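Just so you know, these numbers come straight off a predicted model, no measurement behind them.
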Amino acid sequence: IGARDQTNADCIPKYRKGKQMKTLFTAFKGIHNTSFQLVDPLGANYILLTNSFQGIEKGISSIYSDDSIVYMFGVDKTLMDKIRIEAYANYNEEMVYTKFDICTLRNRFRDGNIFYTVSYKPTHYLCNAAYYHMLKKKLNTVFIHITSLKGMRMGMMNKLVKVLEDDIIH
């Protein structure tokens with residue numbers, strides 16, 4: 001599945017491009033972590049999550065945010081020059097689905113020539129735990145796995161930034 005995902009034909013966006021909402025971005029700590037390298041130059045409101053299950057839960061529980069939407073980013077080293085949108089989190093056998101407009105997001109990635117998949121099978125790692133805890137606070141959250149820098153072709157980071165900039169209020 002790629003930027004021209006066949007199910008996009010049935011995808012009707014809930015809001016139009018250019019409508020800006022207050023946005024929070026999350027990434028994982030570490031100067032060499034690709035998720036940090038993505039959100040840091042955005043010039044947007046972001047928080048960095050720790051790399052432990054207890055730290056994630058504590059960190060997310062302390063977030064007070066009146067942001068309309070939350071973008072969460074984590075790295076999956078198995079991805080090669082594409083991203084994966086997570087449809088839901090499953091933690092301690094409890095599933096929580098996002099209310100984020102994935103349809104519009106898919107269209108934006110397609111229009112930005114970014115290859116993606118949508119996953120309906122959560123991982124069992126830190127990213128899933130972080131997504132679960134954030135969804136419990138704010139359902140209008142989406143988790144996006146991005147590739148490591150080693151798996152990213154030239155320009156991919158710039159394409160992601162360009163797509164995400166539409167949701168940033170400066």
Side-chain angles (χ1 to χ4, degrees), residues 1-3 5 7 23-42 44-65 67-106 108-110 112 114-153 156-161 163-164 167:
I1 299 175
D5 182 349
T7 60
T23 305
L24 174 67
F25 294 88
T26 73
F28 285 90
K29 290 181 180 177
I31 194 161
H32 299 292
N33 187 302
T34 312
S35 66
F36 167 77
Q37 292 180 8
L38 174 63
V39 301
D40 188 54
L42 285 173
N45 184 24
Y46 73 85
I47 62 162
L48 297 177
L49 302 173
T50 190
N51 292 304
S52 75
F53 285 96
Q54 294 85 5
I56 284 172
E57 186 173 359
K58 183 179 178 184
I60 289 175
S61 70
S62 69
I63 294 171
Y64 171 77
S65 169
D67 299 292
S68 303
I69 57 177
V70 179
Y71 283 96
M72 301 183 80
F73 294 96
V75 175
D76 182 339
K77 294 177 183 176
T78 65
L79 293 173
M80 297 302 282
D81 205 36
K82 67 179 175 182
I83 61 174
R84 184 176 68 241
I85 303 166
E86 303 295 340
Y88 70 95
N90 185 352
Y91 190 70
N92 292 331
E93 299 185 33
E94 180 183 0
M95 293 186 296
V96 184
Y97 288 84
T98 183
K99 297 283 186 190
F100 194 94
D101 184 3
I102 291 177
C103 177
T104 297
L105 186 61
R106 287 174 25 201
R108 289 170 59 198
F109 286 142
R110 182 199 62 225
I114 297 170
F115 290 92
Y116 64 88
T117 60
V118 178
S119 173
Y120 297 94
K121 185 178 180 187
T123 65
H124 299 286
Y125 303 107
L126 286 172
C127 294
N128 178 63
Y131 194 23
Y132 169 84
H133 292 297
M134 188 62 83
L135 283 170
K136 294 295 275 185
K137 286 187 75 116
K138 184 170 292 294
L139 287 173
N140 201 15
T141 297
V142 66
F143 197 102
I144 302 169
H145 274 104
I146 59 176
T147 184
S148 68
L149 286 177
K150 289 180 183 178
M152 198 177 286
R153 288 191 187 153
M156 174 70 152
M157 186 74 78
N158 291 337
K159 288 179 186 179
L160 284 168
V161 167
V163 167
L164 295 171
D167 285 329

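- Pairing each heavy atom of Ala27 with each of Val39, the nearest pair is CB-CG2, 3.6 Å.
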Does the pair Leu126 and Asn51 meet the rule for a side chain to side chain contact (heavy atoms under 4.5 Å, CB included), with working shown? CA-CA 7 Å; Leu126 286 172; Asn51 292 304; 4.2 Å; yes

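- Partners of Phe28 by ring-ring contact (aromatic ring centres under 6.0 Å, His included), not counting sequence neighbours: none found.
- Residues that satisfy the ring-ring contact (aromatic ring centres under 6.0 Å, His included) test with Phe143, not counting sequence neighbours, are Tyr131, His145.
- Side-chain contact between Leu160 and Phe109: present, with at least one pair of heavy atoms (C-beta onward) separated by less than 4.5 Å.
- One finds the NE2 atom of His32 at 10.0 Å from the CG atom of Leu149 (value rounded to the nearest 0.5 Å).
- Residues Thr26 and Tyr71 fail the side-chain proximity criterion, which asks for heavy atoms closer than 4.5 Å.
- In this structure, Val70 and Val142 have side chains that are not in contact, with every pair of non-hydrogen atoms separated by 4.5 Å or more.
- With a 4.5 Å cut-off on side-chain heavy atoms, Asn33 and Val75 count as touching.
- In this structure, Phe115 CZ and Thr147 OG1 are separated by 14.0 Å, a value rounded to the nearest 0.5 Å.
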Report the C-alpha separation of Leu38 and Met157 in whole Å, then their side-chain angles, then the decisive distance to 0.1 Å, and conclude whether the side chain to side chain contact (heavy atoms under 4.5 Å, CB included) test is met. CA-CA 7 Å; Leu38 174 63; Met157 186 74 78; 3.5 Å; yes

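- The CG atom of Asp40 sits 8.0 Å away from atom CD1 of Ile31, with the distance rounded to the nearest 0.5 Å.
- For His124 and Tyr91, the distance between ring centers is not under 6.0 angstrom.
- Other residues, nucleotides and ligands place more than 12 heavy atoms under 6.0 Å from the CD atom of Gln37.
- Of the possible donor and acceptor atoms, one in the side chain of Asp76 sits under 3.5 Å from a partner among the backbone N and O of Thr78.
- Nearest heavy-atom pair across Ser148 and Lys77 is CB-CG, 4.2 Å.
- The closest side-chain heavy-atom distance from Thr98 to Tyr88 is not below 4.5 Å.
- The only option from Ile60, Thr141, Asn128 that meets the side chain to side chain contact (heavy atoms under 4.5 Å, CB included) definition with His133 turns out to be Ile60.
- A pairwise comparison of heavy atoms in Leu49 and Ala130 identifies CD1-CB, 3.9 Å as the closest pair.
- Scanning all heavy atoms of the two residues, the minimum distance from Met152 to Thr34 falls at CE-CG2, 3.8 Å.
- Scored by the ring-ring contact (aromatic ring centres under 6.0 Å, His included) test, Phe36 finds no partners at all (sequence neighbours excluded).
- Considering only heavy atoms from C-beta on, Ile85 stays 4.5 Å or farther from Thr117 through its side chain.
- Separating the CZ atom in Phe73 from the OH atom in Tyr46 is a distance of 13.0 Å, to the nearest 0.5 Å.
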Report the C-alpha separation of Asp81 and Met156 in whole Å, then their side-chain angles, then the decisive distance to 0.1 Å, and conclude whether the side chain to side chain contact (heavy atoms under 4.5 Å, CB included) test is met. CA-CA 7 Å; Asp81 205 36; Met156 174 70 152; 3.8 Å; yes

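- Enclosure of atom NZ in Lys137 by more than 12 non-hydrogen atoms of other residues, nucleotides or ligands within 6.0 angstrom is indicated.
- The shortest side-chain heavy-atom distance between Tyr132 and Asn90 does not fall under the 4.5 Å cut-off.
- No donor-acceptor distance shorter than 3.5 angstrom exists from the side chain of Thr50 to the backbone of Ile56, with no hydrogens or angles considered.
- Here the CE-CG distance, from Met95 to Leu135, works out to 13.0 Å after rounding to the nearest 0.5 Å.
- Minimum heavy-atom separation, Ser52 to Gly55: OG-N, 3.0 Å.
- The two residues Ser68 and Asn140 make their nearest non-hydrogen contact at O-ND2, 3.0 Å.
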As a quick check of understanding, evaluate side chain to side chain contact (heavy atoms under 4.5 Å, CB included) for Lys136 and Glu94, giving each step before the final call. CA-CA 11 Å; Lys136 294 295 275 185; Glu94 180 183 0; 2.8 Å; yes

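- Environment of OH in Tyr125: sparse, with no more than 12 heavy atoms of neighbouring residues, nucleotides or ligands closer than 6.0 Å.
- Judged by distance alone, with hydrogens and angles left aside, the side-chain atoms of Ser62 form a donor-acceptor pair with the main-chain N or O of Gly59 at under 3.5 Å.
- From Lys138, atom NZ reaches atom CD1 of Ile63 across 10.5 Å, with rounding to the nearest 0.5 Å.
- Considering only heavy atoms from C-beta on, Arg106 comes within 4.5 Å of Val118 through its side chain.
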